[in-house]
Amino acid sequence: MPQKRTVIGVDLPNIPWEDRPAGSSDPVWRYSKNPVIPRDAIPTSNSIFNSAVIPFNHKFTGVFRCDDKCRRMNLHRGESDDGLNWRISPEPIVFKGADPEIAAYNYGRYDPRVCLLEDCYYLTWCNGYAGYPTIGLAYTYDFEEFLQLENAFLPFNRNGVLFPRKIRGKYAMLSRPSDMGHTPFGDIFYSESPDLLHWGRHRLVMRPAGGWQSTKIGAGPVPIETTEGWLLIYHGVLTSCNGYVYSMGAALLDLDEPWKVRYRTAPYLLSPQKDYECVGDVPNVVFPCAALCDTATGRLAIYYGAADTVTALAFAYVDELIAFTKENSLC
Ligand code: BMA
């Protein structure tokens with residue numbers, strides 16, 4: 001078991017964990033009892049997927065994408081003692097603070113990420129504005145009151161993911177400029193801000209590459225700071241004759257200049273192969289949005305949406321993931 005302290009962060013001995021199945025040498029493996037959150041965990045939900053989870057008060061809290069039975073996309077808070085059994089609030093999060101024009105429910109709120117930055121929890125998500133998708137941003141100290149800021153970018157944009165500390169003295173975010181629909185393109189960009197309101201100095205990070213990541217890519221969980229660079233887990237999309245296929249990969253970004261990609265997986269880490277990933281409201285989707293990491297052991301628990309229907313869990317060791325990414329890199 002790796003014991004080297006590669007991850008810069010805190011010890012989280014209580015994250016969910018299951019050893020790699022006997023006979024497997026894959027760097028990422030699924031929880032045997034997947035999915036961890038069924039589509040109907042609350043009475044009003046059609047589906048619960050693409051959701052964010054973070055340690056909070058020695059337990060876990062999360063912001064969950066719940067699409068309701070009217071098929072409205074919304075964000076709900078959830079709590080868990082063990083990261084496996086979740087109590088999800090039946091009511092969506094109510095955001096305060098923002099200009100009412102920005103805070104209004106408009107087109108939907110979906111695909112949240114939660115980032116601990118300084119002493120505050122920041123939430124990014126795909127937020128409707130003027131009927132178009134862009135990156136919403138809010139903060140909370142207690143997961144009770146959420147204060148919304150201005151949208152980070154102009155439409156059209158998705159997959160906004162904050163870095164967990166300032167870089168070069170600025171807040172930093174990854175995002176994926178897109179279009180109004182089921183975007184058939186998509187590169188990951190890096191942007192910085194002095195105040196989380198004004199974003200600029202945009203830099204290209206990665207473009208789609210071959211195979212499983214040939215159509216578009218988007219950042220997944222908040223990047224994990226390691227001695228080898230920022231470990232970014234991301235999704236990549238292949239256009240098959242049966243539609244899009246969403247898989248998971250990883251990259252190592254330069255610590256000081258994260259728009260410089262040092263390594264990037266040529267093979268996927270996880271692709272839709274289990275029934276709950278292949279069958280659902282949108283078949284063939286593995287969509288990672290959160291990762292919990294225990295620095296002492298290097299254990300990683302990755303939460304991902306499966307088939308736009310349920311939430312599933314996968315595990316890895318950070319050191320193994322870094323080694324795999326370097327040994328199987330596109331660059
Ligand atoms: C993307 C987003 C995700 C979704 C994926 C697959 O464009 O809408 O929320 O998981 O498509 O449908």
Side-chain angles (χ1 to χ4, degrees), residues 34-39 45-53 62-68 71-76 92 105-114 123-129 131-136 153 155-161 174-189 208 212-221 233-249 268-274 276-291 302-314:
N34 270 344
V36 279
I37 302 172
R39 66 185 306 161
S45 60
N46 167 76
S47 41
I48 305 180
F49 59 109
N50 299 5
S51 297
V53 163
V63 175
F64 293 88
R65 170 174 175 174
C66 299
D67 291 8
D68 70 16
R71 300 306 296 266
R72 288 176 301 217
M73 303 175 279
N74 228 322
L75 305 178
H76 293 233
Y105 181 90
N106 186 324
Y107 170 84
R109 302 185 178 106
Y110 59 101
D111 297 357
R113 275 74 163 185
V114 178
L123 177 61
T124 51
W125 70 96
C126 182
N127 191 37
Y129 174 65
Y132 303 137
T134 185
I135 307 302
F153 304 115
F156 309 86
N157 206 319
R158 292 186 174 95
N159 299 301
V161 179
L174 299 171
S175 74
R176 213 283 306 287
S178 56
D179 69 7
M180 182 57 202
H182 303 296
T183 316
F185 60 88
D187 306 349
I188 299 176
F189 281 82
W212 64 272
Q213 49 184 332
S214 52
T215 298
K216 55 180 171 175
I217 53 175
I233 295 168
Y234 65 98
H235 69 259
V237 179
L238 161 84
T239 305
S240 77
C241 57
N242 193 35
Y244 288 157
V245 178
Y246 283 69
S247 303
M248 185 193 303
Y268 59 70
L269 296 171
L270 211 66
S271 82
Q273 295 178 6
K274 295 288 180 187
Y276 54 88
E277 299 162 343
C278 299
V279 178
D281 285 356
V282 181
N284 304 321
V285 180
V286 159
F287 197 97
C289 285
I302 305 165
Y303 291 82
Y304 65 98
D308 282 14
T309 304
V310 295
T311 303
L313 192 50

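Whatever order the structure lists them in is the order used to number ligands and atoms, beginning at 1.
- Near ligand 1, heavy-atom contacts under 4.0 Å come from N50, R65, Y110, D111, Y246, V282, V285, F287, D308.
- Not a single salt bridge (Lys or Arg N to Asp or Glu O under 4.0 Å) links D308 to another residue, sequence neighbours left out.
- Residues P208 and T215 share a closest heavy-atom pair of CG-O, 3.5 Å.
- Ring pair F287/Y304: centre-to-centre distance not below 6.0 Å.
- By the salt bridge (Lys or Arg N to Asp or Glu O under 4.0 Å) test, R65 pairs with D67, D111, sequence neighbours left out.
- Here the closest non-hydrogen pair linking Y276 and A306 is O-CB, 3.3 Å.
- Here N284 pairs with nothing under the side chain to side chain donor-acceptor pair (under 3.5 Å) rule; sequence neighbours left out.
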